[in-house]
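Atoms within each ligand, like the ligands themselves, are counted from 1 in listed order. As a basis for the values below, the full set of heavy atoms in this structure was taken, side chains included, without hydrogen atoms, waters or symmetry mates.
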Amino acid sequence: MRSNIVAGNWKMNNDLAASNALVHEIMNQVAELTLENTRVIVAPTFVNLSSVVEVAKESAVEVAAQNMHQAASGAFTGEISGEMLKGIGIESVILGHSERRAYFGEDDALLAEKVNGALKNNLEVIFCFGEELEDRKSDNHFNVVESQLKNGVFHLEAAAWKNIVLAYEPVWAIGTGETASPEQAQEMHAFIRNLIVDTYGAEVANEVSILYGGSVKPANATEIFSNPDVDGGLIGGAALNADDFVSLVKSF
Ligand code: PEP
């Protein structure tokens, strides 16, 4: 059975002390819950990963990276490889976030290489994708999402999908306060699952967790997460506050 997942992307926020304090608070609150088939993941910035892994070890809170380089090692100044992440106890990596695509020029071809690099190191990939506002206004959102998925992850063999989590994040809803309606989210998530069925079959498709991301907060989480094809969320702003973040976990 696929898992529900609430994953917090801390982006370039929180210094070392704030990162440790936030994960500590999240851990304490999560320890009070009975998590039934629900995973809780936080993604601090690179420099604080080791420390947060140490604080969170032996808790139910998992730690992911926000990005990685596709190569194993070499002359890539300033970059971090999958092997390095694995070496400090990281099990998952977010790839393809719209901010990486928009501000750092990450395209589908590069992301496919990063996905391969991550899987080679046995890292789980949280693969992000989603349309811009113009795509939705011109009714092109399904085409855009299909192409991002086909180019980014549909080259994989069926067996690799056990390490893939998808995160549909309409760019117009990220950090804007504007959320896709529960109907819009379900419609797109069902479309995505059907694409997986068409290529890999129902067995693979039913096991893939598909997260929604875009201004999810305590006030709208239950409505969005209760859709049959929405298996949780990738959370930005609301992940920076332990009470808000854990209340999203409770909304399952
Ligand atoms: C995100 O950046 O992935 C995101 C969903 O941000 P927010 O929740 O702030 O919209």
Nearest non-hydrogen protein atom, [atom]:
| atom | answer |
| --- | --- |
| atom 1 (C) of ligand 1 | His97 NE2, 3.2 Å |
| atom 9 (O) of ligand 1 | Gly237 N, 2.8 Å |
| atom 3 (O) of ligand 1 | Glu169 OE2, 2.6 Å |
| atom 2 (O) of ligand 1 | Lys11 NZ, 2.4 Å |

Query - Passing candidate, side chain to side chain contact (heavy atoms under 4.5 Å, CB included) with Phe252, options Leu35, Ile5, Thr38, Leu33 - result: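 Single pass found, and it is Thr38.
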Which ligand 1 atoms, with their elements, are less than 4.0 angstrom from a heavy-atom of [X]?
| X | value |
| --- | --- |
| Ile174 | 1 (C), 2 (O), 4 (C), 6 (O), 10 (O) |
| Gly175 | 7 (P), 9 (O), 10 (O) |
| Leu234 | 5 (C) |
| Ser215 | 7 (P), 8 (O), 10 (O) |
| Gly214 | 5 (C), 10 (O) |
| Ala173 | 10 (O) |

Requested in this report: In sequence, state the C-alpha distance, the side-chain angles, and the governing distance for Thr45 and Trp10, and then conclude on side chain to side chain contact (heavy atoms under 4.5 Å, CB included).
Outcome: CA-CA 7 Å; Thr45 143; Trp10 294 357; over 6 Å; no
Query - Between Glu131 and Trp172, a side-chain donor and acceptor under 3.5 Å - result: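 A donor-acceptor contact under 3.5 Å links the two side chains.
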Requested in this report: Would you kindly say whether Asn116 and His155 are connected by a side-chain donor-acceptor distance under 3.5 Å?
Outcome: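 There is such a pair between these side chains.
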**Report entry** Nitrogen or oxygen of Gly236 less than 3.5 angstrom from that of ligand 1
**Finding:**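 N/O-N/O distance below 3.5 Å exists for this pair.
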Query raised in the report: Which word best sums up how the rings of Tyr168 and His189 line up, parallel for under 30°, tilted for 30 to 60°, or perpendicular for over 60°?
Result: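 Geometry flag for His189 against Tyr168: perpendicular rings.
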Query raised in the report: Any side-chain heavy atom of Asp229 sitting closer than 4.5 Å to one from Met188?
Result: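 No; the side chains remain at least 4.5 Å from each other.
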Requested in this report: With sequence neighbours excluded, tell me which residues meet ring-ring contact (aromatic ring centres under 6.0 Å, His included) with Phe245.
Outcome: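 Phe245 satisfies ring-ring contact (aromatic ring centres under 6.0 Å, His included) with no other residue.
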Requested in this report: Only counting residues at least two apart or in another chain, list the ones meeting ring-ring contact (aromatic ring centres under 6.0 Å, His included) with Phe154.
Outcome: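 ring-ring contact (aromatic ring centres under 6.0 Å, His included) list for Phe154, sorted by chain: Trp161, Tyr200.
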